[in-house]
2 protein chains.
Amino acid sequence: MKKISDKVIGRLSLYRRILRETLILGTRKLFSYQLANSAGISAAQVRQDLMILGYMGSPTQGYDVHGLLECIEEFLDDPAGQSVALVGIGNLGRAILDYFSGRRPNLSIDAAFDINPEKTNGVIHSCRCYHLDQLLQVIEEKGILTAIITVPADQAQGVADRLVRAGIRGILNFAPVRVKVPPDVFVQDIDIAMVLEKVAYFSRPK
Amino acid sequence: MKKISDKVIGRLSLYRRILRETLILGTRKLFSYQLANSAGISAAQVRQDLMILGYMGSPTQGYDVHGLLECIEEFLDDPAGQSVALVGIGNLGRAILDYFSGRRPNLSIDAAFDINPEKTNGVIHSCRCYHLDQLLQVIEEKGILTAIITVPADQAQGVADRLVRAGIRGILNFAPVRVKVPPDVFVQDIDIAMVLEKVAYFSRPK
DNA sequence: TAGATTGTTAATCGATTAACAATC
DNA sequence: TAGATTGTTAATCGATTAACAATC
């Protein structure tokens, strides 16, 4: 499999959602420009992405919604399903647990960790909570490869180190610091404060 | 003022935080590669960004932390301060309200809206809550230009339309749909589910 | 067939990095 | 001065868009 940029993967995930909705509406065929319009990008981009995927549309007919959706699912999903760990049961952590609770069969947050004993040993939004000390053991036992960091900035690096030691291969980091990890561990940062500052900048009268 | 990409603005916001922390540690001078290292980017990038900004470092000495920080603040901040509105007081909305509560003097969420009357007419994390029906009036009265959308996907477009009508110039959208707005309104999407799927993809054994 | 959309390559665009003379 | 870092331009890189023959 050739190397595919993370932007492409993001767009495929976007196409998937659009295709699901399209299917629910009962539409069977879709043109590249229709998909592009919903995704907010160019039709050429869509065609190129689907080409990478190897899925073929037909001239005049466009793409078969059902077939394309299956193709993307097969590409994006692990057939065995994937478990995710979340570290930091604060407001944001809870919001994310709630959002993903039972929503996708193939991707679920199966363990949450915190240092505060009052927050652990319970179940939040159907996710089991553990003390941070159990991180290594639980993650190894469950074979979890993906983690979400929602701890304060000053604890993020320590948590990332532990996660890597436990075998985590990909991290979604909400803490406003860049965590240092080995080059083969994928890290995606979401810095909400930074993004809000950016939006505020561009919403000012110039 | 020449046109500056949103990526540059994001990096400047990042530099600001790093500089603040640096200043707290008592460090007075900083080289481009040190800033670059903390920000997780190349030194050349940092130098180019600061050049755009017009701030000059000195060979051998590097950049003056205090002076550079002031320069970035002046560039990014509206001296009068900026108010932000949040629409959708769910788990994520609450988490964001909590996160920004009193944290920055120059950028604060001053109004939150929801359709559920039980959630409105109160104060959450020191932010006044209103019913969605009051959106136009409150935003115009307070002169708010920036908004955060944390409503479900099917309500996002309707909310965006109202926001634009109320005079909003920039939107941070957490709903998993692309909202259509006039071309002069800045929209930044944060699609947490999509990003998590992306991270999950890259954390799979290849 | 005529018309429209596709797969695929080439052209464009923008962002990032490298290089190096200038300078403290 | 010698050494290191800067400002600034050129080179590289990658991603996006345009173009067009192939095809249903």
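All of these numbers come straight from a predicted model, not from anything done at the bench. Below, chains carry the letters A, B, ... as their sequence lines are ordered, and counting in each starts from 1.
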Participant: Has Gln34(B) got a side-chain atom pairing as donor or acceptor with Phe31(B)'s backbone, closer than 3.5 angstrom?
Facilitator: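 Judged by distance alone, yes, a pair lies under 3.5 Å.
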Participant: Are Asp77(A) and Arg16(A) ion-paired here, with the side-chain N under 4.0 Å from a carboxylate O?
Facilitator: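 Yes, charged N to carboxylate O under 4.0 Å.
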Participant: Would you mind reading off the distance between Leu35(B) atom CG and dG7(D) atom C1', rounded to a whole angstrom?
Facilitator: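 The distance from CG of Leu35(B) to C1' of dG7(D) comes to 16 Å, rounded to the nearest Å.
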Participant: Does the structure show a Watson-Crick or G-U wobble partner for dC20(C), both distances under 3.5 Å? Name it, or say none.
Facilitator: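 Pairing partner: dG7(D).
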Participant: Using a strict cut-off of less than 4.0 Å between a Lys/Arg side-chain nitrogen and an Asp/Glu carboxylate oxygen, indicate whether Arg165(A) and Glu140(A) qualify as a salt bridge.
Facilitator: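 So Arg165(A) does not pair with Glu140(A) through a salt bridge.
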Participant: Phosphate oxygens OP1/OP2 of dC24(C): is one of them under 4.0 Å from a side-chain N or O of Gln61(B)?
Facilitator: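 No, no such contact exists.
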Participant: Would you mind telling me which of dT5(D), dT17(C), dT17(D) lies closest to the side-chain atoms of Ala44(A)?
Facilitator: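 Out of dT5(D), dT17(C), dT17(D), the nucleotide with an atom closest to Ala44(A)'s side chain is dT17(D).
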Participant: Does the dT16(D) base have a donor-acceptor partner in the side chain of Gln48(A) within less than 3.5 Å?
Facilitator: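 In this structure, the two groups form no donor-acceptor pair.
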Participant: Calculate the interatomic distance between Met56(A) atom CE and dT5(C) atom C1'; express it in whole Å.
Facilitator: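 Value for this atom pair: 14 Å.
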Participant: Please give, in whole Å, the distance from dA15(D) P to Asp49(A) CG?
Facilitator: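 Between P of dA15(D) and CG of Asp49(A): 11 Å.
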Participant: Could you state the atom-to-atom distance from CZ of Arg47(B) to P of dA18(C) in whole Å?
Facilitator: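 Checked: the CZ to P distance equals 11 Å.
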Participant: When you get a sec, tell me which of dT6(D), dT5(C), dA15(D) is the closest nucleotide to the side chain of Ser32(B)?
Facilitator: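 Nearest listed nucleotide: dT6(D).
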Participant: Give the rounded distance in Å between these two atoms: CE of Met51(A) and P of dG7(C).
Facilitator: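 Value for this atom pair: 8 Å.
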Participant: So, does Arg11(A) get its side chain near the phosphate of dT16(D), meaning an N or O under 4.0 Å from OP1 or OP2?
Facilitator: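 Checking dT16(D) against Arg11(A), a side-chain N or O does come within under 4.0 Å of OP1 or OP2.
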Participant: Decide, yes or no, whether a salt bridge links Asp110(A) with Arg128(A) under the criterion of side-chain N to carboxylate O below 4.0 Å.
Facilitator: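 No salt bridge links Asp110(A) with Arg128(A).
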Participant: I want to confirm an ordering. Mapping Val8(A) and Leu30(B) to their closest nucleotides on DNA chain D, which one lands closer to the 5' end?
Facilitator: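 So the residue in question is Leu30(B).
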Participant: Specify the separation, in whole Å, of atom CD1 of Ile41(A) and atom P of dA18(D).
Facilitator: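 Atom CD1 in Ile41(A) sits about 13 Å away from atom P in dA18(D).
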Participant: Looking at the side chain of Pro59(A), which of dT23(D), dT16(D), dT8(C) is the nearest nucleotide?
Facilitator: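 Among the listed nucleotides, the one closest to the side chain of Pro59(A) is dT23(D).
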Participant: Counting side-chain heavy atoms from CB outward, which of dT17(D), dA15(C), dT16(D) is closest to Ser42(A)?
Facilitator: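 Among the listed nucleotides, the one closest to the side chain of Ser42(A) is dT17(D).
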Participant: Tell me: OH of Tyr63(B) to C1' of dA4(D), nearest whole Å?
Facilitator: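 Roughly 13 Å, once rounded to whole Å.
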Participant: For Asp6(B) and dG14(C), give me the distance from atom CG to atom C1', rounded to whole Å.
Facilitator: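 Taking atom C1' of dG14(C) as the reference, CG of Asp6(B) is at 12 Å.
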Participant: Tell whether Thr60(A) reaches the base of dG3(C) with its side chain through a donor-acceptor pair below 3.5 angstrom.
Facilitator: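 A donor-acceptor contact between them is present.
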Participant: Does Asp161(A) pair with Lys180(A) as a salt bridge, N-O distance under 4.0 Å?
Facilitator: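 Salt bridge between Asp161(A) and Lys180(A), a charged N being under 4.0 Å from a carboxylate O: no.
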Participant: Can you tell me the base-pairing partner of dG14(C)? Count Watson-Crick or G-U wobble geometry only, both distances below 3.5 Å, and say none if there is no partner.
Facilitator: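 For dG14(C), the partner nucleotide comes out as dC13(D), under the 3.5 Å rule.
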